[in-house]
Visitor: 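One structure, pasted below without further comment.
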Amino acid sequence: MHVVEVMALLQAKVKGWINKLFFFLRSWFFDVEYTPLSYDEIKEFLKHWVNDILPQLTYVEEKFDCDDFAGYFKYLVVKLLKKNGVFRAIGKVYYKGEFLGYHAWNGVILEDGSVAYIEPQTGDLFYGDTLYDWKYELQAVLM
């Protein structure tokens, strides 16, 4: 999938024209072509992530926190699956409607052209901007 297609797909997740403008100013797309993942590939990888990788990782505030989980997740997907259709998402996070701060999570471009998000600290896969009582507001990506 060409970078222009990926940019269009991801900017559609951002609400409001000002936010879309800032999305392009803040985001980094390092490759010209991206290889999407199948749903089965990412589900299999998530089993490995949750069962084998997460138990070895420890959250340490300001030292190994959300951006580090997201970076490590992206690295392992690319290394093990040999596909680069995974990104780090950056934005605001809300819990039960209350703004908590800024957060990093992951996303994948799927072969069917959809985008799925992953909370790398739990291994949950979700579509849209809500996971349980949490709301994720995409502002930028590193891909």
Visitor: Looking at CD of E62 and CG of D68, how far apart are the two atoms once the value is rounded to the nearest 0.5 Å?
Guide: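 It is 9.5 Å, given to the nearest 0.5 Å.
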Visitor: Check for me, please, whether L10 and W28 land in the same ILVMFWY cluster - side-chain distances under 4.5 Å, paths through other members count.
Guide: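 Shared cluster, no.
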Visitor: Search all heavy atoms of V86 against all heavy atoms of M143 and return the closest pair with its distance.
Guide: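 What the structure gives for the nearest pair is O-CG, 3.9 Å.
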Visitor: Any idea which heavy atoms bring A140 and R26 closest together, and the distance?
Guide: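 That would be CB-CB, 3.6 Å.
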Visitor: Could you give me the CA-CA distance, side-chain angles and deciding distance for L142 and F29, then say whether side chain to side chain contact (heavy atoms under 4.5 Å, CB included) is met?
Guide: CA-CA 6 Å; L142 297 172; F29 296 87; over 6 Å; no
Visitor: Quick check: closest heavy atoms across T58 and F69, and the distance to 0.1 Å?
Guide: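 T58 and F69 have their closest heavy atoms at C-CZ, 4.4 Å.
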Visitor: Can you name the nearest heavy-atom pair linking P36 to K83, along with the distance?
Guide: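 Minimum heavy-atom separation between P36 and K83: O-CD, 3.4 Å.
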Visitor: Can you hop from V93 to L138 via hydrophobic side chains spaced under 4.5 Å?
Guide: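 The answer is yes; both residues are in one hydrophobic cluster.
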Visitor: Would you please test F73 and F45 for ring-ring contact (aromatic ring centres under 6.0 Å, His included) and show each step?
Guide: CA-CA 10 Å; F73 184 90; F45 179 83; 5.3 Å; yes
Visitor: Could you tell me whether the side chain of Q139 reaches within less than 4.5 Å of the side chain of I90, counting heavy atoms only?
Guide: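 Counting from C-beta outward, I90 and Q139 never come under 4.5 Å.
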Visitor: Inspect the surroundings of CZ in F22 and state if more than 12 heavy atoms from other residues, nucleotides or ligands are less than 6.0 Å away.
Guide: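 No, CZ of F22 has 12 or fewer neighbouring heavy atoms, counting only those of other groups under 6.0 Å.
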Visitor: Do V78 and L46 land in one hydrophobic cluster if side-chain heavy atoms of ILVMFWY residues count as linked below 4.5 Å?
Guide: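 Both belong to a single hydrophobic cluster.
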Visitor: Which atom pair, heavy atoms only, marks the closest approach of K79 to K82?
Guide: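 Residues K79 and K82, closest heavy atoms: O-NZ, 2.7 Å.
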Visitor: Are more than 12 heavy atoms from other residues, nucleotides or ligands located less than 6.0 Å from atom OH of Y75?
Guide: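 Result for OH/Y75: open.
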Visitor: Taking everything shown except K15 itself, do over 12 heavy atoms lie less than 6.0 Å from its NZ?
Guide: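 At most 12 heavy atoms, drawn from other residues, nucleotides or ligands, come within 6.0 Å of this atom.
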Visitor: Working to the nearest 0.5 angstrom, can you tell me the gap between H2 NE2 and D31 CG?
Guide: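 Nearest 0.5 Å value for the NE2-CG distance: 11.0 Å.
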Visitor: Check whether Q56 reaches the backbone of I53 with its side chain - one donor and one acceptor, N or O, closer than 3.5 Å.
Guide: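 No; zero donor-acceptor contacts below 3.5 Å.
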Visitor: First locate atom CG of L100, then atom NZ of K92, and finally report the distance between them rounded to the nearest 0.5 Å.
Guide: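 One gets 12.5 Å once the value is rounded to the nearest 0.5 Å.
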Visitor: Please list every donor-acceptor pair under 3.5 Å in which a side-chain atom of residues 104-123 meets a protein atom from a residue at least two apart or in another chain.
Guide:
unit_1	atom_1	unit_2	atom_2	d
N106	ND2	A70	O	3.0
N106	ND2	F87	O	3.2
D112	OD1	S114	N	2.9
D112	OD1	S114	OG	2.6
E119	OE1	H103	NE2	2.8
E119	OE1	Y136	OH	2.8
E119	OE2	Q121	N	3.3
T122	OG1	E119	O	3.4
T122	OG1	D124	N	3.3
T122	OG1	D124	OD2	2.8

Visitor: Y95 and Y132: aromatic ring centres closer than 6.0 Å?
Guide: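 No, too far apart.
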Visitor: Measuring from F23:CZ to L25:CG, what's the distance to the nearest 0.5 Å?
Guide: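 If I round to the nearest 0.5 Å, the distance is 11.0 Å.
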Visitor: Would you say D67's side chain and R88's backbone share a donor-acceptor pair under 3.5 angstrom?
Guide: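 Such a contact is absent between D67 side chain and R88 backbone.
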Visitor: Return the NZ to CD distance between K20 and Q11, rounded to the nearest 0.5 Å.
Guide: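 Those atoms lie 4.0 Å apart.
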Visitor: Are V32 and V4 connected into the same hydrophobic cluster when the rule is that any two of I, L, V, M, F, W, Y join if their side-chain heavy atoms are below 4.5 Å apart?
Guide: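 In one cluster with V4: V32, no.
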Visitor: How about OH on Y59, more than 12 heavy atoms from neighbouring residues, nucleotides or ligands closer than 6.0 Å, or not?
Guide: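 It does: Y59 OH has more than 12 such atoms within range.
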Visitor: Is any side-chain heavy atom of V3 closer than 4.5 Å to one of M7?
Guide: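 Yes - at least one pair of side-chain heavy atoms lies under 4.5 Å apart.
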Visitor: So how far is it from Y94 OH to W134 CH2, rounded to the nearest 0.5 Å?
Guide: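 Interatomic distance, Y94 OH to W134 CH2, rounded to 0.5 Å: 13.0 Å.
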Visitor: Hey, are the side chains of L37 and V77 touching, using non-hydrogen atoms and a 4.5 Å cut-off?
Guide: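 Touching, per the 4.5 Å side-chain cut-off.
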Visitor: Grab the two heavy atoms, one from L9 and one from M1, that are nearest each other, plus how far apart they are.
Guide: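 The answer is CD2-SD, 4.5 Å.
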Visitor: Hydrophobic cluster membership, with links at side-chain heavy-atom distances under 4.5 Å among I/L/V/M/F/W/Y: are F126 and V14 in one?
Guide: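 In one cluster: yes.
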Visitor: Does the side chain of K43 come within less than 4.5 Å of Y39's, by heavy atoms?
Guide: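 When only atoms from C-beta onward are counted, K43 and Y39 do touch, with a gap below 4.5 Å.
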Visitor: Would the distance check show the side chain of N51 and the main-chain N or O of K47 forming a donor-acceptor pair, the cut-off being under 3.5 Å?
Guide: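 Side chain of N51 to backbone of K47: a pair is present.
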Visitor: Measure the acute angle between the ring planes of F99 and Y102, then classify it against the limits of 30° and 60° as parallel, tilted or perpendicular.
Guide: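 F99 vs Y102 ring planes: perpendicular.
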